[in-house]
Amino acid sequence: MYERSVQKMAGKKFFSILIDGATDSSVTENELVYVRFVNNGVPENHYLSIEDIQNADAKGILNCIDQSFERAELENWKTYLVGFGSDGASVNLGSKGGVAALLKNDVPHLVIVHCIAHRLELAANNAIKSQKIMKDIQDILTNTYKQYHYSPKALRELRIIADALEEKVLKPTNLHGTRWLPHVQKALAVLLKNFTVIITHFDHIRGGRIGNAEVQGRATNISKKLKDYQFLYMSFFLLDVLKTLSVLSLKVQRDSTTLSQFLEAITVLHFSLIELKQTNGEELSKFIGEVNGDVYHNITLQNVNPQESYRAKREEVINVLIDAIDKRFAPMEKDPILKAAATLLDLTEYPKTREGLALFAIEELNLLMQHFGGILQNAECDVAVVGDEFKAFKAHVYGHNTTPIENYFQAADLSQRFQNYLMLVEILLVFPISSAACERGFSCMKRVKSDWRSSLTPSMLRMLMFISIEGCPLEEFNSTRVLDKWWNAGRAKRPGFNPFDFRGPDESDSE
């Protein structure tokens with residue numbers, strides 16, 4: 001199975017690498033290596049290997065990458081390397097001594113991308129730190145999680161109260177220890193959904209003087225905050241904001257997302273945030289509609305002012321957030337190579353007239369051909385005809401409106417007609433967008449290398465992870481060959497029966 005997947009990758013002309021791992025040089029950790037290539041016009045991220053890091057510096061990580069490709073018997077892998085993506089750790093993206101910088105010495109055309117999901121998370125965190133109301137909401141989420149995560153007794157009491165009130169309750173979730181904004185959105189949504197039950201429980205703790213001073217102080221603080229109308233109003237407003245941020249975060253975490261799709265999505269995000277300055281979102285509108293006088297879900301609120309729109313506070317939050325996002329993404333949006341790539345990839349933005357199409361994206365095409373000319377020639381691309389093929393490509397888009405762009409790869413006549421230009425498009429499609437695949441790989445590693453299997457050898461861990469991530473679905477797996485090999489292996493520990501005696505009448509020995 002592993003060999004077939006490696007052969008599949010070896011058949012692709014261009015690829016990028018995605019990495020993630022430990023950066024603490026005091027311990028030996030693992031480095032995950034993924035490859036991103038195009039399959040029938042659609043970008044895909046695939047697990048390549050997990051390697052032990054002997055030295056968690058840039059050279060040590062680069063050595064792990066070399067080992068991954070050597071293990072896959074892919075020689076001269078830098079020849080067709082297009083991009084490098086990772087989180088923002090300095091050991092990976094340091095401008096002088098990072099892994100990306102070392103790679104760029106050997107691959108001058110390398111496109112380096114700091115994972116967009118990480119950037120979005122960092123932008124949101126920067127905004128939260130500068131806003132008191134957002135920091136207060138974050139603290140309430142953290143303290144509520146601590147109350148029920150570290151005390152099974154408190155969680156049991158919460159559920160008993162929920163049963164008595166005939167309410168459904170969810171266990172409060174953690175918003176720390178993760179890089180993905182949807183988890184923060186979920187933590188806030190759970191808190192607000194559990195509003196009545198949590199308030200009732202904390203009032204019970206306060207009234208009965210249950211627990212130590214820390215527990216009672218936490219209960220008093222959370223109960224007071226949650227009963228404050230302004231705090232609740234801004235919490236529901238923030239939930240609407242987080243929902244818009246999560247849409248972008250989830251989009252870029254998909255393997256198939258391209259650069260042009262990301263740039264379109266971040267523009268939509270800006271529109272949505274600006275709209276939330278003056279227009280109530282779904283969650284806030286629902287909250288306002290359910291407040292009856294000074295009562296919300298049978299809880300009496302304090303400082304109720306239903307006429308107050310808190311417009312100044314809302315605008316301040318949105319402005320700070322937009323500014324933080326712009327600071328994180330502006331360099332990427334202004335990068336000439338990335339802008340040119342997005343222009344060529346987004347067929348929906350091609351001009352609708354012959355006059356507009358005639359001069360459209362000529363400068364961008366020339367810039368990209370100059371930047372990637374070397375790697376295209378290595379792939380036996382006829383660079384001299386790319387310009388003519390691009391003219392014909394624009395004419396075909398004008399006459400047929402063939403979208404999405406993967407159609408040009410999947411239709412045999414079109415892929416042959418524009419074969420040289422599509423080599424450039426393939427390069428643009430494999431630009432790394434997010435290292436979320438690596439994060440999912442580490443989740444797989446934790447499932448495979450559990451406390452009960454902590455002594456797995458690196459090679460066994462590598463192969464088990466490959467089966468888990470890249471293997472076929474269980475319902476499609478044919479176990480006949482595996483059983484046959486195991487039965488005939490001559491091992492001492494075998495059952496006292498032949499498993500093949502129990503085959504059904506329709507089962508065969510074929511794979």
Side-chain angles (χ1 to χ4, degrees), residues 1-20 32-50 65 68-69 71-74 77 79-87 110-113 115-117 180 249-265 338 341-342 344-347 372 375 379 403-412 414-415 419 422-445 462-463 465-473 476:
M1 185 187 297
Y2 178 74
E3 290 76 6
R4 288 198 297 270
S5 180
V6 168
Q7 289 168 5
K8 180 181 177 182
M9 181 205 157
K12 307 303 175 184
K13 291 184 176 66
F14 312 108
F15 68 93
S16 294
I17 57 176
L18 307 170
I19 68 167
D20 199 0
L32 257 176
V33 182
Y34 271 68
V35 289
R36 178 177 176 85
F37 53 80
V38 171
N39 186 22
N40 286 328
V42 179
E44 298 178 353
N45 298 334
H46 289 276
Y47 164 80
L48 182 65
S49 184
I50 185 169
I65 299 174
S68 298
F69 285 96
R71 198 182 307 281
E73 298 182 358
L74 296 173
W77 57 274
T79 304
Y80 299 109
L81 179 62
V82 172
F84 173 85
S86 74
D87 60 17
L110 189 71
V111 175
I112 302 169
V113 176
C115 171
I116 292 171
W180 312 130
S249 180
L250 291 172
K251 187 177 185 65
V252 299
Q253 289 180 50
R254 293 204 298 261
D255 291 350
S256 60
T257 299
T258 63
L259 178 66
S260 59
Q261 291 171 341
F262 153 68
L263 292 177
E264 178 185 336
L338 299 182
L344 265 63
L345 289 176
D346 192 356
L347 302 187
F372 295 109
I375 189 174
T403 54
I405 201 166
E406 55 259 31
N407 291 346
Y408 287 92
F409 290 85
Q410 295 167 4
L414 296 178
S415 63
Q419 59 178 331
L422 290 179
M423 286 188 185
L424 175 62
V425 173
E426 185 176 343
I427 288 177
L428 308 183
L429 288 173
V430 299
F431 283 4
I433 300 298
S434 167
S435 61
C438 296
E439 298 288 348
R440 292 191 287 269
F442 275 118
S443 296
C444 174
M445 184 193 74
R462 191 177 302 114
M463 299 307 289
M465 284 184 60
F466 183 86
I467 293 171
S468 178
I469 298 171
E470 299 288 340
C472 66
E476 298 178 10

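Numbers here are sequence positions counted from 1.
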Could you walk me through whether L424 and L344 pass the side-chain contact (heavy atoms from CB on, under 4.5 Å) check? CA-CA 10 Å; L424 175 62; L344 265 63; 4.2 Å; yes
Rounded distance [0.5 Å steps], CZ in R36 versus CZ in F84: 14.5 Å
Audit row: S249, Q253, side chain to side chain donor-acceptor pair (under 3.5 Å) steps and yes/no: CA-CA 6 Å; S249 180; Q253 289 180 50; 3.0 Å; yes
Could you pull out the closest heavy-atom pair between K251 and A265, with the gap in Å? CD-CB, 3.6 Å
Just wondering, do V38 and V425 contact through their side chains at under 4.5 Å, heavy atoms? no
Least distance between heavy atoms, C444 atom then S468 atom: SG-OG, 3.4 Å
Under 4.5 Å between any side-chain heavy atoms of F409 and L429, yes or no? yes
On a heavy-atom basis, which atom in V430 and which in F14 lie closest, and how many Å separate them? CG1-O, 4.1 Å
Enter the distance from Y408:OH to L347:CG here, rounded to the nearest 0.5 Å. 6.0 Å
Quick check: closest heavy atoms across Y47 and E470, and the distance to 0.1 Å? N-OE2, 2.8 Å
Calculate, to the nearest 0.5 Å, the distance between atoms CD1 and CD belonging to I405 and E426 respectively. 11.5 Å
Within a strict 4.5 Å, meaning less than it, do heavy atoms of the M445 and L32 side chains meet? no
Test item: S49 side-chain N/O and S68 main-chain N/O as donor-acceptor pair under 3.5 Å: no
Backbone N or O of D20 within a donor-acceptor pair of the Y34 side chain at under 3.5 Å? no
So do F372 and V111 actually touch side chain to side chain, heavy atoms under 4.5 Å? yes
Could you pull out the closest heavy-atom pair between N407 and L414, with the gap in Å? O-CD1, 4.3 Å
Please tell me if the side chains of I433 and V113 come closer than 4.5 Å, counting only heavy atoms from C-beta onward. no
Is any side-chain heavy atom of D346 closer than 4.5 Å to a side-chain heavy atom of L263? no
I need the minimum non-hydrogen distance between R462 and I50, along with the two atoms involved. NE-O, 3.2 Å
Looking at L110, V82, I427, I112, which hits side-chain contact (heavy atoms from CB on, under 4.5 Å) with S16? V82
S260 meets the side chain to side chain donor-acceptor pair (under 3.5 Å) criterion, sequence neighbours left out, with T258
Output all residues satisfying side chain to side chain donor-acceptor pair (under 3.5 Å) with D255, sequence neighbours left out; order by chain, then residue number. N45, R440
Taking the six-membered ring for Trp and the single ring otherwise, decide whether the centroids of F69 and F15 are under 6.0 Å apart. yes
With rounding to the nearest 0.5 Å, note down the distance linking CG in D87 to OG in S434. 10.5 Å
d(F431 CZ, L345 CG) to nearest 0.5 Å is 8.0 Å
CG of L259 to CG of L428, rounded to nearest 0.5 Å, is 8.5 Å
